[in-house]
Amino acid sequence: MPELPDVEGFRRVLSEHTGKPIRAVRVRDPGVLRGISARRLAGALRGHRFERPRRHGKWLIAPAGEPVLLLHFGMTGSLSWHSPGEPWHRHDRVAWRFDDGELRFRDMRKLQGIRLAGDEAQAERVLAGLGPDAREVSRRRFGELLSRRRGRLKSVLTDQAVLAGLGNLLADEICWRARIDPRRAAADLDEAERDTLYGAMRRVLRESVKAGRVPPRGTWLTGARDEPHAPCPRCGTPLSSRRIAGRTTVWCPRCQPR
DNA sequence: CGTCACTCCTGCTCGC
DNA sequence: TGCGAGCAGGAGTGAC
């Protein structure tokens, strides 16, 4: 599930619980820990308080004094608040306990997970390979990034080293809104098309961040993409679908001509 | 560089 | 009812 808007939602959840001492860290499944043991994670955070969390792409970055907690939710992760004594969900992997409840990292597939950086400099090293955040990038920089890449538009938009935050659904949604075929070479777009794409990205992100996820509503491609050959929500033409760079890609052959 | 195949995981749906 | 295949909003690695 998580793309930029979802992670932004998790950031808001965490930001409601800053400034309170972490009483305990419970690791129910160490399978989500990356490069740190349960014991060290708990030892490093117990008694600390989360400060204002930030987000870069699909990473949630949570400083807690010196150490910095880094969360990546993969395809099935989430962060949620729970009252004391609420029973575990079977995919709850880690919990940070406070006096009035706990934050839980829930993740069915454990494709990504939890890291702990010793300080901000180390945290920055973890994030060093990422491109600019999709919500922060300027129109101009966005255009430069696209024109300098050789791959297809779809691959470029979802490449975190180019632009951080867009996933499979958002990339398709943005191309659909901009009426541009995701199979086209990114470098072949002209300036007007890049601008249209940028505008579509801004709108899609603004609306989905407000909702805390990619809204599967009727006016969005996302609401139609699961049904094979479902009608395009805009023109009714049956949608096309193909795998590009290993990911299922959906587009409208009429709205998004080659 | 780019793309593909494979890998890490778990669960659901579909077809036989 | 059971079982295997294929797929899922992510991403790293190595081969070509």
Side-chain angles (χ1 to χ4, degrees), chain A residues 1-10 27-35 55-60 70-79 88-94 105-115 125-131 133-135 144-177 182-188 201 204-205 207-209 211-217 220-230 239 241-251:
Chain A
M1 141 217 250
E3 298 185 49
L4 186 157
D6 310 87
V7 180
E8 185 58 27
F10 304 147
V27 177
R28 212 162 141 262
D29 182 350
V32 294
L33 302 184
R34 304 290 132 132
R55 183 192 55 71
H56 189 100
K58 301 172 191 173
W59 284 89
L60 179 55
L70 296 153
L71 304 177
H72 195 302
F73 301 89
M75 285 172 74
T76 52
S78 67
L79 186 73
W88 288 98
H89 179 280
R90 67 166 155 161
H91 299 135
D92 287 338
R93 310 298 187 186
V94 174
F105 182 84
R106 182 174 298 180
D107 190 3
M108 181 178 80
R109 287 174 70 186
K110 301 185 279 187
L111 291 174
Q112 300 296 320
I114 297 169
R115 293 171 182 276
R125 246 168 276 150
V126 174
L127 308 171
L130 297 173
D133 185 81
R135 265 206 114 188
E144 285 170 3
L145 289 166
L146 283 194
S147 58
R148 285 176 193 171
R149 288 283 159 159
R150 278 207 250 152
R152 301 166 195 262
L153 181 55
K154 172 62 179 279
S155 320
V156 173
L157 288 176
T158 53
D159 185 345
Q160 303 301 295
V162 177
L163 200 60
L166 304 184
N168 200 39
L169 290 193
L170 281 175
D172 285 1
E173 190 72 43
I174 290 162
C175 290
W176 178 74
R177 292 261 190 126
R183 298 169 296 176
R184 287 180 58 190
D188 284 353
M201 179 177 77
V204 165
L205 287 178
E207 290 172 38
S208 52
V209 161
R213 66 198 181 113
V214 185
R217 282 187 288 129
W220 289 57
L221 177 66
T222 300
R225 62 177 297 139
D226 289 340
E227 200 74 16
H229 304 103
L239 295 171
S241 157
R242 220 197 90 186
R243 288 184 92 78
I244 295 180
R247 309 307 306 272
T248 300
T249 301
V250 177
W251 73 95

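Chain identifiers are assigned alphabetically (A, B, ...) following the order of the sequence lines, protein sequences preceding nucleic acid strands; residue numbering begins at 1 within each chain.
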task = For M108(A) and dA8(C), give me the distance from atom CE to atom C1', rounded to whole Å.
result = 8 Å
query = Using a cut-off of 4.0 Å on non-hydrogen atoms, how would the nucleic acid contact of D107(A) be classed: base, sugar-phosphate, or nothing?
reply = nothing
request  = Please state whether the phosphate of dG11(B), meaning OP1 or OP2, lies under 4.0 angstrom from any side-chain nitrogen or oxygen of H91(A).
outcome  = yes
Distance, P atom - from dT1(C) to dT10(B), rounded to whole angstrom = 27 Å
ask   = OP1, OP2 of dT3(B) versus side-chain N and O of S155(A): anything below 4.0 Å?
value = yes
task = In whole angstrom, give the distance that lies between atom CG of D6(A) and atom P of dG10(C).
result = 10 Å
query = Judged by atom type as modelled, is there a donor-acceptor pair below 3.5 Å linking the side chain of T249(A) to the main-chain atoms of R247(A)?
reply = yes
query = When all nucleic acid strands are considered with a 4.0 Å heavy-atom cut-off, which category describes R243(A): base, sugar-phosphate, or nothing?
reply = sugar-phosphate
query = L157(A) CG to dG10(C) P: how many Å, rounded?
reply = 13 Å
ask   = Do any side-chain nitrogens or oxygens of H72(A) fall under 4.0 Å of OP1 or OP2 in dG10(C)?
value = no
query = With a cut-off of 6.0 Å (strictly less than), are more than 12 heavy atoms of other residues, nucleotides or ligands near CZ of R242(A)?
reply = yes
ask   = Donor-acceptor pair, Q160(A) side chain versus G131(A) backbone, under 3.5 Å?
value = no
inquiry  = Give me the distance, rounded to whole Å, that separates dC6(B) from dG6(C) when you measure between the P atoms they each carry.
reply    = 12 Å
Runs of at least three consecutive pairs that involve DNA chain C, where pairs are Watson-Crick or G-U with distances under 3.5 Å = B:2-8 with C:10-16, B:10-16 with C:2-8
Evaluation steps, salt bridge (charged side-chain N to carboxylate O under 4.0 Å, His left out), between R28(A) and D92(A) = CA-CA 7 Å; R28(A) 212 162 141 262; D92(A) 287 338; 5.7 Å; no
request  = Look at R152(A) and dG2(B) and indicate whether a side-chain polar atom (N or O) is within less than 4.0 Å of OP1 or OP2.
outcome  = no
query = At their closest point, which heavy atom of W251(A) faces which heavy atom of P182(A), and how far apart are they?
reply = CB-CD, 3.8 Å
inquiry  = Using modelled atom types and a 3.5 Å cut-off, is there a donor and acceptor pairing between side-chain atoms of E173(A) and backbone atoms of W220(A)?
reply    = no
message = Can you work out whether T158(A) or R109(A) has the more 5'-proximal nearest nucleotide on DNA chain C?
response = R109(A)
ask   = Of all the nucleotides listed (dA11(C), dT10(B), dG2(B)), which has the minimum atom distance to the side chain of Q160(A)?
value = dA11(C)
ask   = Where is the tightest heavy-atom contact between K58(A) and L166(A), given as atom of each residue plus distance?
value = NZ-O, 3.2 Å
query = Within the structure, does a side-chain N or O atom of R90(A) lie under 4.0 Å from either OP1 or OP2 of dT10(B)?
reply = no
ask   = In whole angstrom, what separates L111(A)'s CG from dG10(C)'s P?
value = 10 Å
inquiry  = Looking at W88(A), I'd like to know if the NZ or CZ of R93(A) sits under 6.0 Å from its six-membered ring centre while staying within 45 degrees of the ring's axis.
reply    = no
key: R247(A) CZ - dC7(C) C1' separation (whole Å)   = 11 Å
query = Are K110(A) and dT10(B) close enough that a side-chain N or O sits under 4.0 Å from OP1 or OP2?
reply = yes
ask   = Distance between the P atoms of dG9(C) and dC14(B), in whole angstroms?
value = 16 Å
query = Does R213(A) place a side-chain N or O at less than 4.0 Å from the phosphate oxygens OP1/OP2 of dG9(C)?
reply = no
ask   = Rounded to whole angstrom units, what separation is found between the CH2 atom of W220(A) and the P atom of dG9(C)?
value = 16 Å
task = Looking at every strand, decide which applies to T248(A) at a 4.0 Å heavy-atom threshold: base, sugar-phosphate, or nothing.
result = sugar-phosphate
N/O donor-acceptor pair, side chain D172(A) with base dG9(C), under 3.5 angstrom = no
query = Over how many whole Å does the gap from D159(A) atom CG to dG2(B) atom P extend?
reply = 7 Å
Rounded distance in Å - CG (N168(A)) to P (dG10(C)) = 6 Å
ask   = Taking OP1 and OP2 of dA11(C), is either one under 4.0 Å from a side-chain nitrogen or oxygen of K58(A)?
value = yes
task = Check whether any side-chain N or O of E3(A) sits under 3.5 Å from a backbone N or O of L169(A) as a donor-acceptor pair, and report yes or no.
result = yes
Pairwise P distance, dC3(C) and dC9(B) [rounded to whole Å] = 24 Å
